[in-house]
Amino acid sequence: MRLLLIHAHSFEYAVTEKTAVSKVVRPMTEAEKGGKVGDSLVCFTAIETPDLKNSRELVAKALQAVQKHFLQIKAGSLMLYPYAHLSSDLAPPKDAQSIMDLFVQQAEELFKGVTVSHAPFGYYKSFQVACKGHP
């Protein structure tokens, strides 16, 4: 699993169109068509082929790293954003969707009292990010 964490003043995305992957993953919900958050830790995420082994342990370990960073920067919310461009060894779409769903579910449990948002898997999206730019 590859993660790119950015502390943002604001982050906004909108689905632009389906990808070939969208045919084999779960349909996007109405709420996933677009979103906007203010002060947030944006977690760009790519699920890779090796992630298929011990995916529960991998998700738990990734969330520990995200939580540590989240607490360090004192962000107001968490945005989980599937971003295939982080890897050239992507897991098969159905498997990646399952792992991403687990990632979202466990993040919502771990970050009680914090708004946890996520973008849909398998769709082209435009986004705007205003990065805080601190160390």
Asp89: salt bridge (Lys or Arg N to Asp or Glu O under 4.0 Å) partners, not counting sequence neighbours:
none
Please identify each residue that fulfils salt bridge (Lys or Arg N to Asp or Glu O under 4.0 Å) with Glu30, with sequence neighbours left out.
Lys33
Side chains of [X] and [Y], heavy atoms from C-beta outward: is any pair under 4.5 Å?
| X | Y | value |
| --- | --- | --- |
| Leu3 | Val66 | yes |
| Phe121 | Tyr81 | no |
| Val24 | Pro93 | yes |
| Pro120 | Val15 | yes |

Distance-only criterion, 3.5 Å: show the donor-acceptor pairs between side-chain atoms of residues 71-78 and protein atoms not counting sequence neighbours.
residue, atom, partner, partner atom, Å
Ser77, OG, Asp39, O, 3.2
Ser77, OG, Ser40, OG, 3.1

In terms of hydrophobic clustering (I, L, V, M, F, W, Y; side-chain heavy atoms under 4.5 Å; direct or indirect links), are [X] and [Y] co-clustered?
| X | Y | result |
| --- | --- | --- |
| Tyr83 | Val37 | yes |
| Leu5 | Met1 | yes |
| Leu52 | Leu58 | yes |
| Met79 | Phe127 | yes |

Just grab all the side-chain hydrogen bond (donor to acceptor under 3.5 Å, both in side chains) pairs involving residues 59-70, residues at least two apart or on different chains.
none
Quick one: which residue pairs count as a side-chain hydrogen bond (donor to acceptor under 3.5 Å, both in side chains) with a foot in residues 14-24, not counting sequence neighbours?
none
Can you pull the ring-ring contact (aromatic ring centres under 6.0 Å, His included) pairs that have at least one residue in residues 17-43, sequence neighbours excluded?
none
Atom of [X], atom of [Y] and distance for their closest heavy-atom approach:
| X | Y | answer |
| --- | --- | --- |
| Val25 | Lys94 | CG1-N, 4.3 Å |
| Leu80 | Pro82 | O-CD, 3.9 Å |
| Tyr13 | Ala31 | OH-O, 4.0 Å |

Please check this pair: side chain of Ser87 against backbone of Glu48, looking for a donor-acceptor N/O pair closer than 3.5 Å.
no
Take Phe44 and Leu86, measure what side-chain contact (heavy atoms from CB on, under 4.5 Å) needs, and give me the verdict at the end.
CA-CA 8 Å; Phe44 292 91; Leu86 294 176; 4.0 Å; yes
If the condition is side chain to side chain contact (heavy atoms under 4.5 Å, CB included), which residues does [X] pass it with, not counting sequence neighbours?
| X | answer |
| --- | --- |
| His9 | Ala130, Lys132 |
| Ser88 | none |
| Asn54 | Glu57 |
| Glu12 | Lys36, Gln128 |

Identify, with sequence neighbours excluded, every residue that meets side chain to side chain donor-acceptor pair (under 3.5 Å) alongside His85.
none
side-chain contact (heavy atoms from CB on, under 4.5 Å) between Ile6 and Val129, intermediate numbers included
CA-CA 9 Å; Ile6 296 177; Val129 60; 4.3 Å; yes
Take Ile99 and Val59, measure what side-chain contact (heavy atoms from CB on, under 4.5 Å) needs, and give me the verdict at the end.
CA-CA 8 Å; Ile99 294 170; Val59 166; 3.9 Å; yes
Donor-acceptor list for residues 101-119 side chains, cut-off 3.5 Å, not counting sequence neighbours:
residue, atom, partner, partner atom, Å
Asp101, OD1, Arg26, NH2, 3.3
Asp101, OD1, Gln97, NE2, 2.8
Asp101, OD2, Arg26, NE, 3.4
Asp101, OD2, Gln97, NE2, 3.4
His118, ND1, Glu32, OE2, 3.3

